[in-house]
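Read the structure below first, then the notes.
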Amino acid sequence: MSILEVNNLRVYYDTMRGEVKAVDGVSFKLEKGEIFSIVGESGCGKTTTSNTIMRILPPEAVIKSGSITFDGINLLEIPEKEMKKIRWKRIAMVFQNAMNALNPVKNVGSQIVDAITTHLNIPEAEAWRKVKELFELVGLDPSRLKDYPHEFSGGMRQRVFIAMALSCDPEILIADEPTTGLDVIVQRNILNLLRDLRKKLGLSIILITHDLAAVAQVSDKIAIMYAGKIVEYGNIYDIFTRPRHPYTYLLIKSFPKIGSKKERLVTIKGSPPSLINPPKGCRFHPRCPYAIEKCRIEEPPLVNINNKGLVACHLYDQLNLVI
Ligand code: SF4
């Protein structure tokens, strides 16, 4: 059963240089208890999508179309007063670089207590009890509640932020690049923590990342975004074993496989396009080694492949993209 459904979402930014089409017709479903990952290079619209779900967009953002349905409610239509009952309490978020955003002059326990008492009408003593439980839940020693942020490693500070995001018992957790800036071992521990929290709490998680290795470790379902659009969507196994979009294929081939010593990694030539004037036709065509004339003229529709996922590529059934 879907807990969240995003349908045909379009979010543009008004800038001095023109309209930036950051999210341009994105649709997906998050099932209850699932980890769903949105993957793509920087600037592809991942963070704008998650900030729109939370309704924390900057003033220059304009929601052009679409709906975001959570528990039968279109989050884009309700007044801010109603949204405040959902944001943090039912849908919470761990922001990119959150671990560097803790107040350096306040102990971490007090910072979580502040978050709890801001959103929940409970006495401070009860909030401290809850923080102790949250610390245990995320694998931190409660004896360190009164320590300051500089006394924690990057991975521990990320756990503090995850504890803070869970402080109101949300149903959905959005984690935006939760492992950026951490070493590989700590990254793996944080991702394992997310997987454990899903199991223990029945959480539904949206993981936003550029890191395909992270996705492979924990996700059930994945959407690949490119230049504001979803170009491939499906379950993790199907996409990793049989990608149908050249961008997905090249992303997978650009990451080293564990245990493979001799594999030659590929690079994706060029960089993502400007979203003020994205390329006509397929937005990936200037970088795609398989592009044909049609790709420069006609935008490929997102088509259903035998109920195994969706792909937007004119040649999806002709290319044999072997992993
Ligand atoms: Fe490449 Fe054409 Fe497919 Fe776009 S539609 S990904 S340019 S082959």
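Whatever order the structure lists ligands and atoms in, that order sets their numbers, starting from 1. Predicted model, so just to flag it, every value in this text is computed and none were measured.
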Applying side chain to side chain donor-acceptor pair (under 3.5 Å), which residue pairs with at least one partner in residues 242-251 are found, sequence neighbours left out? E41-Y247, E232-T248
Cluster partners of Y316, using ILVMFWY side-chain heavy atoms under 4.5 angstrom, listed by chain and number? V303, I305, V311
Listing by chain and number, which protein N, O or S atoms are under 2.8 Å from atom 1 (Fe) of ligand 1? C288 SG
Going by atom types only, do S143 and D141 share a side-chain donor-acceptor pair under 3.5 Å? yes
State which residues pass side-chain contact (heavy atoms from CB on, under 4.5 Å) with I116; sequence neighbours excluded, sorted by chain then number. I112, L120, I122, A127, K130, V131, L134, S167
With rounding to the nearest 0.5 Å, note down the distance linking NZ in K46 to CG in L207. 10.5 Å
Can you check whether R55's main-chain N or O pairs, donor with acceptor, with R87's side chain at less than 3.5 Å? yes
